[in-house]
Amino acid sequence: MARRLVIIGAGMASGRLLEELFDRQPGAWDITLFGAEPRGNYNRIMLSPVLAGEKQFDEIVTHDAHWYQGHGVTTRFAEPVVRIDRHAKRVISPGGVTEYDKLIVATGSASFRVPVPGKDLPGVIGFRDYDDVQAMLDAARRPGGNAVIIGGGLLGLEAAAALDAQGMKVTVLHLMGHLMERQLDEAAGYLLQRELESREITVICNAHTKAILGHDKVDAVLLEDGRVFDADLVVMAAGIRPETRLAIDAGLHVERGIIVDDQMQTSDPDIYALGECVEHDATVYGLVAPLYDMARVLAQVLTGQDAAFVPPAVSTKLKVTGVDLFSAGDFADGDGREDIVFRDPARGIYKRLVLQDNRIIGAVMYGDTADSSWFFAKLKTAEDISDIRDTLIFGPAWQGGTPADPLAAVAALPPEAEICGCNGICKGAIVSAIENGAHDIGAVRATTKASASCGSCAGLVEQLLALTLGDDFQAPAEAPVCGCTDLGHDDIRRLIRAKGLKTIPAVMQELGWKTSCGCHVCRPALNYYLICEYPLEYRDDAQSRFVNERNHANIQKDGTFSVMPRMWGGMTTPAQLRAIADAAEKYDVPAVKVTGGQRIDLLGVRREDLPAIWADLNRAGLVSGHAYAKGLRTVKTCVGTDFCRFGTQDSTGLGIRLEKILWGSWTPHKVKLAVSGCPRNCAEATCKDIGVICVDSGYEVSVAGAAGMELKETEPLAKVATEDEVIALTCAFVQLYRENARYLDRPHKWVARVGMDWVRKQVVDDADQRAALIERFETSQLVYRKDPWAAQAKPDMRREKWAPLADLTLEAAE
Amino acid sequence: MSTWMDIAALDDIPPRGARVIKTPLGCVALFRTHDDRLFALDDACPHKKGPLSEGIVHGHAVTCPLHNWVIDLETGQAQGNDHGRVNTWRARVEKGRVLLDVSRLAARSAA
Ligand code: SRM
Ligand SMILES: Cc1cc2nc3c(=O)[nH]c(=O)nc-3n(C[C@H](O)[C@H](O)[C@H](O)COP(=O)(O)OP(=O)(O)OC[C@H]3O[C@@H](n4cnc5c(N)ncnc54)[C@H](O)[C@@H]3O)c2cc1C
Ligand code: SF4
Ligand code: FES
């Protein structure tokens, strides 16, 4: 008599197992198949096209009643097994008791529900089976309904694209910094997000869901930061959990999944398990390819053959029409790896291979996945690629093409993209001037005025010449920012504006970066350019900041830091001095120094003490002096009319006003000011970035001095009658500098390039331009005019970020 | 033989960032790169002992915060024209946890 085989779960793994079994030994087993769903095996991965309306459910059924009958399988669908009785070797279900000789657990996994209030409200749906799909389609029937998807991984995005296709307004809330972070790097995640956004799907990354709101059904989703998204339907796609409850109750060995050996045997020799519910060699799987291997191995084992499961390399594709994306292999752990990166901004292509010992071990591609199987084959066979390394990334069809084109970013600009900001000249106008005979930069300048003012778009104009004239024109390129790109600072700033690029990954992709994530030279520059361009939208990237700006303190040669509070205009009070003295004693500060910037420096503070010392100083009303910042440092003043017998104006008061307006602003390099009460110039105003000398009739404002590695007197900007005018000129000048200078150029270097005449024209002569500059400066200062320590110097921030992660010296002592 | 010790959750280290642990042999910096790989190196630059944990992490390298030497996280070797090597430790990520091989640490601190 055939032995009795009972299978729990009619999913993709058990479906494949049955086929493998019948191929080898039909009729050897008397099989009973339990399924909790009211239907037999179907191709679960095709639920996405069903949801999108591209396929009907019938088309994805893999085994129908006829097939089960033909193979003598007893089916018990819509009948979940509720208990396994290992001692009596039987399973219990609503229909009674079923005995087995061998049992197979293939219960798959269940959607994970983020544990927030409201998670069980009607209208919150997982994405796992056909019932879920039907519930979503019901919700989608209401025209113009809102769907919120929690989770921007494979499942969430397939649901998002499908519901979008069904006419819903879709928002994806994703916890991590970029989409599908397990399969994609930032660059590919950026391209994917761009594609979804072009379909009017809203994508919010770094979104921490706080609660799902609603009374008798879902209404909205609330984020930790207070944002609320209306929802008629919430899809929970934040991960899956192996369905192991039966196995745990039965006392099988279960960790994250049911533990199986290479033969898919559980800790009970009569019970096997396969599919997403198992854990093999510390790994749990979530894609079908490995499950199919498990099914083959188990079929062999059940028919008495030798077989062992070997974990295969897995690859991912996203089943969203119009999105070409591929990811495979291992991006974690191991030694001695290198990257090969290829980007084509014009066509939105990104490819990256991860190599180890001259073998491909990982691959990510977006936009063009035609070669993915070629790469994946090399990955699986661990082929040595040393001989083809240089051209590997171009794929099998490579025929001596040229690598990355330095003109690609400019070529990709639309005709209406603005090239010359000063004169408002767009790409189309320049190209047609060139086509009409302007064959060098002088001619372009004469016919269009492009690059005729500050001149910082000259690089781009030259690239347009090269692009339009071909080999006839050799562009003398601005020196590239670093080895990661062919573009110079001016070009990058202009392209960020022209293309509306708002994140570092966006810049790197659209401008064809040659590395996957930049370096210590380009990253801080890009971070600054984006802060300057999009003060309200851009999120500062701490990991793209130099050490001092990341820690809001200057690092010292022994790894300690210095702490320098602001003394507005060099003025202080006994109470402030006492607070500084107390802090210095309390934290054993080794050195207290009066700086050249009219304030006091506490040197040698331990990193872990920074939040605490700042909490103390903040309490006394002292704020960061930004002594570490590419930003406003100090405004030095002299005593002025308050006390000095020569003083002509309130230089101290003006200095304080200036410092209070300018502090906190990020600039290309540091900015220092001084205000002297008379031409004796005790505050040394004429060697600052901006200097003000008070005279009887008003104020002489001059700019672009230097007293560091170079020494240079300031150049006059204007003479004005009131303090308000000084402040207006200063803000306008600082904003012009912020918007136009290359990162790490002090104002004097930048002015030397663009010319004092041009600066004067923008800031002094053109009142509209001045007003616009001031307005943009104010907008930015709404965000940045604040003490960075106010948010950081809180008790709960301390341990988390500033202290060591662990102290093994204590362990050793135990 | 390796002795893997569970140090912390991977998410305690910012991506493209580092955190320090104190050990009997001095501070060790744990780096997390953009692709979620983990590297452990002594937190001292071969140049003048700059704290590498405070540097900018890019690709599988870190730039020292003091004078911009670039150190390869895989090998600990200084790049370009600079010469020197930082001691590396075996570390890996498993189930979202950061594991450090403390066998050498223990052996050396006992010696
Ligand atoms: C503390 C102080 C010296 C002092 O004891 O007085 C100082 C200390 C440093 N200066 Fe300075 N500078 C100080 C006033 C100056 C001045 C004079 C001034 O501000 O009136 C100058 C010349 C004016 C100028 O800015 O050019 C000055 C020109 C520099 C330069 C050269 C800048 C240049 O463009 O040529 C650097 C290097 C740099 O920034 O790249 C520098 C860099 C530094 C650094 C940040 C070096 C470093 O990278 O670690 C020092 C950090 C000290 C710390 O940890 O706190 N320091 N430094 C002064 C702090 C002023 C303040 O209260 O904020
Ligand atoms: C929408 C969607 C898209 C996907 N896309 C892809 C893709 O593109 N590529 C890819 O490789 N993978 C994809 N997957 C994952 C893939 O579907 C799973 O890896 C695969 O289905 C797992 O097979 P399984 O047999 O282990 O579990 P399942 O297919 O989930 O089957 C388990 C079955 O067991 C039943 N069950 C559970 N408990 C009991 C019980 N006590 N009694 C009786 N029955 C029970 C469940 O109801 C279920 O029907 C996708 C998944 C989904 C949901
Ligand atoms: S002058 Fe040189 S040594 Fe002195 S504080 Fe400035 S940077 Fe340091
Ligand atoms: S100490 Fe690291 S570069 Fe000098």
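Every chain is numbered from 1 and lettered A, B, ... according to where its sequence line falls, protein lines coming before strand lines.
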May I have the step-by-step check of side chain to side chain contact (heavy atoms under 4.5 Å, CB included) for R352(A) and D35(B), ending in yes or no? CA-CA 12 Å; R352(A) 170 162 163 244; D35(B) 49 5; 3.4 Å; yes

Counting only non-hydrogen atoms closer than 4.5 Å, does T515(A) touch chain B with its backbone (N, CA, C, O), its side chain (CB onward), both, or neither? neither

Under 3.5 Å donor-acceptor, Q543(A) side chain and R16(B) backbone: yes

Look at C519(A), G559(A), A542(A) and state which one has the largest set of heavy-atom pairs under 4.5 Å with chain B. C519(A)

Could you tell me which portion of R607(A) (side chain, backbone, both or neither) has an atom closer than 4.5 angstrom to a non-hydrogen atom of chain B? side chain

So which part of N551(A) gets closer than 4.5 Å to some heavy atom of chain B, the side chain, the backbone, both or neither? side chain

If I take atom CE from residue M176(A) and atom CG from residue D11(B), how far apart are they, to the nearest 0.5 angstrom? 5.5 Å

Just give me the residue among K557(A), R256(A), R550(A) that pairs up with chain B most often, heavy atom to heavy atom, under 4.5 Å. R550(A)

Please evaluate residues E54(B) and F561(A) with respect to the criterion side chain to side chain contact (heavy atoms under 4.5 Å, CB included), reporting the C-alpha separation (whole Å), side-chain torsions for both, the decisive distance (0.1 Å), and the verdict. CA-CA 12 Å; E54(B) 300 283 5; F561(A) 288 84; 3.7 Å; yes

Work out which heavy atom in H34(B) is nearest to a heavy atom in C517(A); give both atom names and the distance. ND1-SG, 3.6 Å

Report which part of T23(B) has an atom under 4.5 Å of a heavy atom belonging to chain A: side chain, backbone, both, or neither. both

Going through the distances and angles, do K95(B) and E255(A) end up as a salt bridge (charged side-chain N to carboxylate O under 4.0 Å, His left out)? CA-CA 12 Å; K95(B) 299 182 189 170; E255(A) 301 274 339; 5.0 Å; no

Rounded distance [0.5 Å steps], CG in L805(A) versus CD1 in I13(B): 5.5 Å

Can you see which heavy atom on I56(B) is nearest to which on P524(A), and at what distance? CD1-CG, 3.6 Å

dist L808(A):CG -> L25(B):CG (nearest 0.5 Å) comes out at 10.0 Å

What part of N548(A) lies closer than 4.5 angstrom to a heavy atom of chain B: side chain, backbone, both or neither? neither

The test is salt bridge (charged side-chain N to carboxylate O under 4.0 Å, His left out); show your working for K48(B) and D558(A) and say whether it passes. CA-CA 9 Å; K48(B) 293 190 175 176; D558(A) 62 354; over 6 Å; no

At what distance, to the nearest 0.5 angstrom, does OG of S544(A) lie from NE2 of H58(B)? 11.0 Å

Heavy-atom side-chain proximity of P51(B) to V547(A) below 4.5 angstrom: no

Would you mind telling me which of L30(B), N68(B), T75(B) has the largest number of heavy-atom pairs within less than 4.5 Å of chain A? N68(B)

Under 4.5 Å to a heavy atom of chain B? For Q556(A) that would be backbone

V70(B) portion near chain A, given a 4.5 angstrom heavy-atom threshold: side chain

